[in-house]
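Some notes on the structure that comes next.
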Amino acid sequence: MIILDGKKTSEDIKQEISEEVKLIVAKGLRPPRLAAVIVGNDGASLTYVGSKVKACNRVGFDSTLIRLPNKTTQNQLLEKVEQLNNDSAIDGYIVQLPLPEHIDSQTILMAINPAKDVDGFHPSNFGKMALNLPTFISATPHGIMELLKRYKVPTEGKQTIVIGRSDIVGKPISILMGLKTNPGNSTVTLAHSRTSNINSLTLSSDIIISALGVPNFLKADMVKENAVVIDVGITRLKDSSEKGYKIVGDVDYENVSKKCSFITPVPGGVGPMTIAMLLKNCLLAYNNK
Ligand code: GUN
């Protein structure tokens with residue numbers, strides 16, 4: 001069994017990015033700048049955005065963190081988006097999700113200039129991804145593809161099941177795995193809350209990508225021998241540690257890993273890859289200019 005080490009791989013990628021930034025700066029040019037907008041005080045979102053800003057510093061990017069109060073109106077947020085669209089010092093930016101309920105996320109995401117949409121959430125970028133045209137591929141699915149690529153995990157002709165059909169992970173990774181690419185060229189099933197025979201589907205799959213957010217959902221008796229298991233779940237479970245919680249995935253790692261050819265751990269699997277791929281997208285936005 002081989003552990004797909006997202007922590008190490010993401011460090012390799014960040015090192016590659018920082019080398020490229022050094023070359024840019026050595027030419028007398030400014031480094032790339034990523035901005036992140038966060039509305040409200042959700043603890044997990046603040047942690048994620050904090051990690052993204054920290055990662056910018058690590059690779060030599062400039063960063064701008066914009067914190068807005070929970071009561072921010074949709075129009076106020078649209079104004080901020082417009083401001084970022086027009087700010088030539090900002091190469092790419094993200095609006096952290098989820099947004100408060102009184103704001104329609106789709107309206108906000110569609111207002112982001114696609115050339116600065118380093119999350120790859122705008123319909124124009126999502127569409128290009130589905131057509132295998134050059135674009136910003138959303139960080140989490142991109143991170144999964146990059147892990148599969150760097151570890152040379154065979155995907156061609158394999159049966160892949162994606163569990164969860166979110167716009168951010170399940171839907172895009174189901175498309176990417178089916179593209180005529182390597183990794184890719186896989187036969188994909190997209191399972192979701194209305195799927196009736198999930199156990200028989202996972203049992204017949206060579207690759208299982210779980211993006212549900214339900215701790216311990218995937219048990220050993222749902223997985224065939226030598227399967228590849230990618231765990232995208234990141235759930236905070238309260239515990240007695242100093243932090244007050246621990247991060248758990250969708251997979252019963254201890255038992256499932258014994259049957260796998262490759263598996264991602266949680267933490268240290270897909271999570272760190274997400275941040276590395278966001279930085280890669282921001283560098284692409286900078287270079288596209
Ligand atoms: N919330 C959870 N994951 C993401 C992400 O990749 N981007 C944004 N903007 N919000 C998120």
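Just so you know, ligand 1 is whichever comes first in the structure, and atom 1 is the first atom listed for that ligand.
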query: If we ignore angles and hydrogens, is there a donor and acceptor under 3.5 Å between the side chains of Asp250 and Ser210?
result: yes
query: Checking side chain to side chain contact (heavy atoms under 4.5 Å, CB included) for the pair Leu77/Leu99: CA distance, chi angles, key distance, verdict?
result: CA-CA 10 Å; Leu77 185 55; Leu99 289 166; 3.9 Å; yes
SB check Asp91 Lys116 (cutoff 4.0 Å): no
- prompt: Gln96 to ligand 1: N or O pair under 3.5 Å?
  reply: yes
message: Tell me whether Val95 has any N or O atom under 3.5 angstrom from an N or O of ligand 1.
response: yes
task: Name the closest protein heavy atom to atom 10 (N) of ligand 1, giving the residue it belongs to and the distance to 0.1 Å.
output: Leu97 N, 2.9 Å
- line: Among non-hydrogen protein atoms, atom 9 (N) of ligand 1 lies closest to Asp119 OD2, 2.6 Å
N or O pair under 3.5 Å between Ile168 and ligand 1: no
message: Would you say Phe121 ends up clustered with Leu34 if hydrophobic residues are merged whenever their side chains have heavy atoms under 4.5 Å apart, either directly or through other cluster members?
response: no
- prompt: So does Lys14 pair up with Glu11, basic N to acidic O under 4.0 Å?
  reply: yes
message: For Tyr48, which part has a heavy atom under 4.0 Å from ligand 1: side chain, backbone, both, or neither?
response: neither
